[in-house]
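Predicted, not measured: the structure shown is a model, and the values here were computed from it.
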Amino acid sequence: MDETQRFITDNKQRFLDELLELLRIPSVSADPAYNQDVLNTAEKVAEFLNAAGADNVEVCETSGYPVVYGEKIIDPSLPTVLVYGHYDVQPADPMELWESGPFDPVIKKTEIHPEGAIFARGAADDKGQFFMHVKAFEAMNKSGELPCNIKFMIEGEEEVGSSSLGEFVRNNKEKLKNDIILISDTEIISNDQPSISVGLRGLSYVEVEVKGADLDMHSGVYGGAVPNPINVLSRMIAKLHDDDGRITIPGFYDEVEDLSAEDRAEMAKIPFDLEGYKKSIGIADIQGEKGYSTIERASIRPTLDVNGIWGGYTGKGAKTVIASHAYAKISMRLVPNQDPEKITQLFADYFPTLAPSSVEVIVKPHHGGHGYVLPTSDQGFQAAKKAMTHTFGKEALATRGGGSIPIVALFEKELGSKSVLMGFGLNSDVIHSPNENFGLFNFYKGIETIPYFFQYYTEG
């Protein structure tokens with residue numbers, strides 16, 4: 001990979017400039033106002049794949065946003081790696097908390113990234129990370145060192161549940177046929193300690209509504225005599241956890257696997273700076289399920305969190321009303337063996353029982369997905385471990401991630417392929433939040449490392 005690495009070194013600034021160009025397009029899949037921007041991003045991704053030397057590049061229509069596909073088949077007898085990523089991003093709200101424009105990327109030096117980090121929505125999740133693969137492929141291809149076949153599948157709906165991807169995969173099994181799937185949408189322990197995520201949590205996402213009177217009521221005339229949906233919803237949410245931080249939904253833990261003492265002991269070996277963790281996100285102390293460490297709470301245990309809550313008057317000044325409706329969005333992160341449809345139904349059955357008879361409760365399911373575990377004995381994991389150990393100069397560890405990539409389980413079911421989660425982000429990248437960022441070290445280290453994965457995987 002000497003020529004490949006020289007190509008990367010010679011083109012670092014161009015690679016960065018092209019990523020910044022991609023980050024300037026506000027591809028927010030959740031908001032219809034950005035519809036054209038999402039479509040423009042798909043076209044831009046296709047343009048970059050073509051320029052990198054991919055063949056048969058297509059912007060494939062789906063029932064939602066398109067999937068961008070490209071390939072380079074150098075020898076059908078060689079292994080084929082399918083690279084998955086997503087070009088859509090989370091909404092940038094709340095806008096006032098951004099120190100610079102979410103779609104006006106800037107590079108700033110930080111304590112964690114003294115060489116600089118890119119601040120923009122999508123910098124780490126996932127434009128910066130999937131773009132590493134495009135550039136690594138370009139380097140291998142232009143240097144004549146691509147050791148096996150490669151396919152790209154970059155979608156535009158990951159942040160809204162990949163609702164169209166399942167149908168696309170089922171309808172294109174031959175096109176997507178592969179030996180292993182490579183994904184960079186996760187993180188490493190630190191820039192000094194590489195790691196590979198071998199587990200993801202699943203997801204169940206719901207929206208709830210509590211309905212009171214037919215219209216907003218005067219809080220002086222009716223206060224104390226009629227139900228206040230906001231008050232009721234707040235009490236209901238509070239009852240979803242007990243004093244030990246456990247979720248109170250009956251049957252919620254039935255399929256949760258308790259890791260062995262040996263497995264937990266291995267997890268405890270993972271370097272973790274609690275004070276640094278708290279400082280990096282500006283909190284005074286941690287909390288969570290009793291009996292588990294912070295790393296365990298954020299990876300091998302299921303969770304339930306309110307992602308948004310609203311109702312009544314929230315404008316400037318005062319308006320003394322009792323709102324007629326109150327709403328919340330709630331996500332449950334699930335561990336392997338928990339079925340998202342079952343968990344969603346358990347929630348829908350239980351949540352209304354927490355309300356008094358004076359209100360009506362509506363539960364609206366959104367999207368979900370299964371958890372995933374990759375055995376460390378898998379050839380793909382071993383190739384990723386060798387690649388990261390090679391470029392970082394330190395042995396890569398196996399970790400479990402707390403996030404969800406719902407389509408990973410779908411890939412295994414439909415394509416029969418394992419997925420290797422070789423991400424290069426950090427937990428300080430604050431993805432989904434204001435001031436999302438991605439270190440230049442991480443961006444370039446990813447581009448340098450990915451070719452070695454191809455080399456080691458091809459060698460078997």
Side-chain angles (χ1 to χ4, degrees), residues 1-25 27 41-55 57 68-72 74 81-87 89 105 107 113 115-118 120 122-155 181-186 188 191 194 384 387-388 390-392 420 422-425 429 437-457:
M1 289 293 166
D2 291 346
E3 290 300 318
T4 294
Q5 296 301 326
R6 274 193 282 273
F7 186 93
I8 293 169
T9 299
D10 293 343
N11 289 276
K12 280 187 172 182
Q13 186 59 50
R14 176 173 64 84
F15 291 172
L16 176 59
D17 292 341
E18 291 173 350
L19 173 58
L20 298 182
E21 182 181 355
L22 192 63
L23 291 170
R24 292 188 182 100
I25 313 175
S27 51
T41 307
E43 294 292 343
K44 178 59 66 174
V45 173
E47 178 184 318
F48 282 129
L49 280 176
N50 270 312
D55 299 327
V57 176
V68 183
Y69 177 84
E71 65 182 24
K72 176 66 74 171
I74 60 173
V81 178
L82 173 64
V83 173
Y84 164 83
H86 64 93
Y87 62 82
V89 301
I107 298 172
H113 297 293
E115 73 294 327
I118 309 163
D125 183 24
D126 180 45
K127 287 180 178 177
Q129 296 217 59
F130 90 70
F131 202 64
M132 298 182 308
H133 291 272
V134 178
K135 297 296 100 179
F137 160 67
E138 179 182 339
M140 290 185 287
N141 185 51
K142 296 293 176 68
S143 302
E145 293 184 338
L146 181 65
C148 64
N149 307 311
I150 186 171
K151 297 178 179 179
F152 289 91
M153 177 174 60
I154 315 298
E155 67 149 322
I181 300 172
L182 186 58
I183 303 172
S184 292
D185 197 10
T186 50
I188 54 177
N191 286 350
M388 296 190 95
H390 179 92
T391 56
F392 280 85
V420 177
M422 193 172 72
F424 291 84
D429 293 343
N437 62 92
F438 191 41
L440 294 181
F441 170 90
N442 306 74
F443 176 58
Y444 291 131
K445 186 63 72 173
I447 299 173
E448 294 164 9
T449 303
I450 289 164
Y452 290 108
F453 171 87
F454 278 78
Q455 175 183 324
Y456 294 135
Y457 185 77

Checklist entry - With no hydrogens and no angle check, is any side-chain donor or acceptor of Lys12 less than 3.5 Å from a backbone partner on Tyr444? => result no
Item to check | Results of side chain to side chain contact (heavy atoms under 4.5 Å, CB included) for Asn50 - residues two or more places apart only | outcome: Val57
Checklist entry - Can you list the residues that meet the side chain to side chain donor-acceptor pair (under 3.5 Å) rule with Asp10, with sequence neighbours excluded? => result none
Next on the checklist: Enumerate the salt bridge (charged side-chain N to carboxylate O under 4.0 Å, His left out) contacts for residues 142-155, please, sequence neighbours excluded, ordered by first and then second residue.
Outcome noted: none
Checklist entry - Is Met140 close to Met1 at the side-chain level, that is, under 4.5 Å between some pair of heavy atoms? => result yes
Checklist entry - Sequence neighbours excluded, which residues qualify as ring-ring contact (aromatic ring centres under 6.0 Å, His included) partners of Phe152? => result Phe137
Next on the checklist: As an exercise, state the distance from CG of Leu82 to CG of Asn149, rounded to the nearest 0.5 Å.
Outcome noted: 12.0 Å
Checklist entry - With a 4.5 Å limit on heavy-atom distance, are the side chains of Ile450 and Val83 in contact? => result no
Checklist entry - Going by heavy atoms in the side chains, are Asp185 and Phe130 under 4.5 Å from each other? => result no
Checklist entry - Mind checking what makes side chain to side chain donor-acceptor pair (under 3.5 Å) contact with Tyr69, not counting sequence neighbours? => result Glu71
Checklist entry - Could you walk me through whether Ile107 and Leu16 pass the side-chain contact (heavy atoms from CB on, under 4.5 Å) check? => result CA-CA 10 Å; Ile107 298 172; Leu16 176 59; 3.6 Å; yes
Item to check | Test side chain to side chain donor-acceptor pair (under 3.5 Å) applied to Glu21 - qualifying residues, sequence neighbours left out | outcome: Lys44
Item to check | Audit row: Ile188, Lys445, side-chain contact (heavy atoms from CB on, under 4.5 Å) steps and yes/no | outcome: CA-CA 12 Å; Ile188 54 177; Lys445 186 63 72 173; over 6 Å; no
Checklist entry - Taking only residues two or more places apart in sequence, or in another chain, which ones meet Ala117 in a side chain to side chain contact (heavy atoms under 4.5 Å, CB included)? => result His113, Phe119, Asn437
Checklist entry - Between Ile150 and Leu182, does a side-chain contact (heavy atoms from CB on, under 4.5 Å) hold up when you go through it step by step? => result CA-CA 10 Å; Ile150 186 171; Leu182 186 58; over 6 Å; no
Checklist entry - Looking only at atom types and distance, does a side-chain atom of Thr449 sit under 3.5 Å from a main-chain N or O of Thr391, one as donor and one as acceptor? => result no
Next on the checklist: Looking at Glu448, is its backbone amide N or carbonyl O close enough to the side chain of Gln5 to form a donor-acceptor pair, meaning the two atoms are under 3.5 Å apart?
Outcome noted: yes
Item to check | Minimum heavy-atom distance between Val420 and Ala384, given as atom pair plus value | outcome: CG1-CB, 3.7 Å
Next on the checklist: So, using side chain to side chain donor-acceptor pair (under 3.5 Å) as the criterion, who are the partners of Asp2 when residues are at least two apart?
Outcome noted: none
Next on the checklist: Are the side chains of Tyr87 and Leu22 in contact, using a 4.5 Å heavy-atom criterion?
Outcome noted: no
Checklist entry - When you measure from the side chain of Asn11 to the backbone N and O of Phe7, does any donor-acceptor pair fall under 3.5 Å? => result yes
Checklist entry - From Ile74 CD1 over to Asn141 CG, what is the distance, rounded to the nearest 0.5 angstrom? => result 9.0 Å
Checklist entry - Which word best sums up how the rings of Phe453 and Tyr457 line up, parallel for under 30°, tilted for 30 to 60°, or perpendicular for over 60°? => result parallel
Next on the checklist: Could you report the tightest heavy-atom contact between Gly423 and Met388, atom names first, then the distance?
Outcome noted: O-CE, 3.9 Å
Item to check | Gly128 to Leu19 - nearest heavy-atom pair and separation | outcome: CA-CD1, 3.8 Å
Checklist entry - Sequence neighbours excluded, which residues qualify as ring-ring contact (aromatic ring centres under 6.0 Å, His included) partners of His390? => result Tyr452
Item to check | ring-ring contact (aromatic ring centres under 6.0 Å, His included) involving Phe424 - partner list, sequence neighbours excluded | outcome: none
Checklist outcome for this item: CG (Asn442) and CD1 (Ile447) are apart, to the nearest 0.5 Å, by 11.0 Å
Item to check | Partner set under ring-ring contact (aromatic ring centres under 6.0 Å, His included) for Phe131, not counting sequence neighbours | outcome: Phe48
Item to check | salt bridge (charged side-chain N to carboxylate O under 4.0 Å, His left out) pairs, two or more places apart, involving residues 125-140 | outcome: Arg14-Glu138, Glu18-Lys135, Lys135-Glu138
Item to check | Heavy-atom closest pair, residues Ser184 and Met422 | outcome: OG-O, 2.6 Å
Checklist entry - Quick one: are Phe438 and Met132 in side-chain contact, heavy atoms under 4.5 Å? => result yes
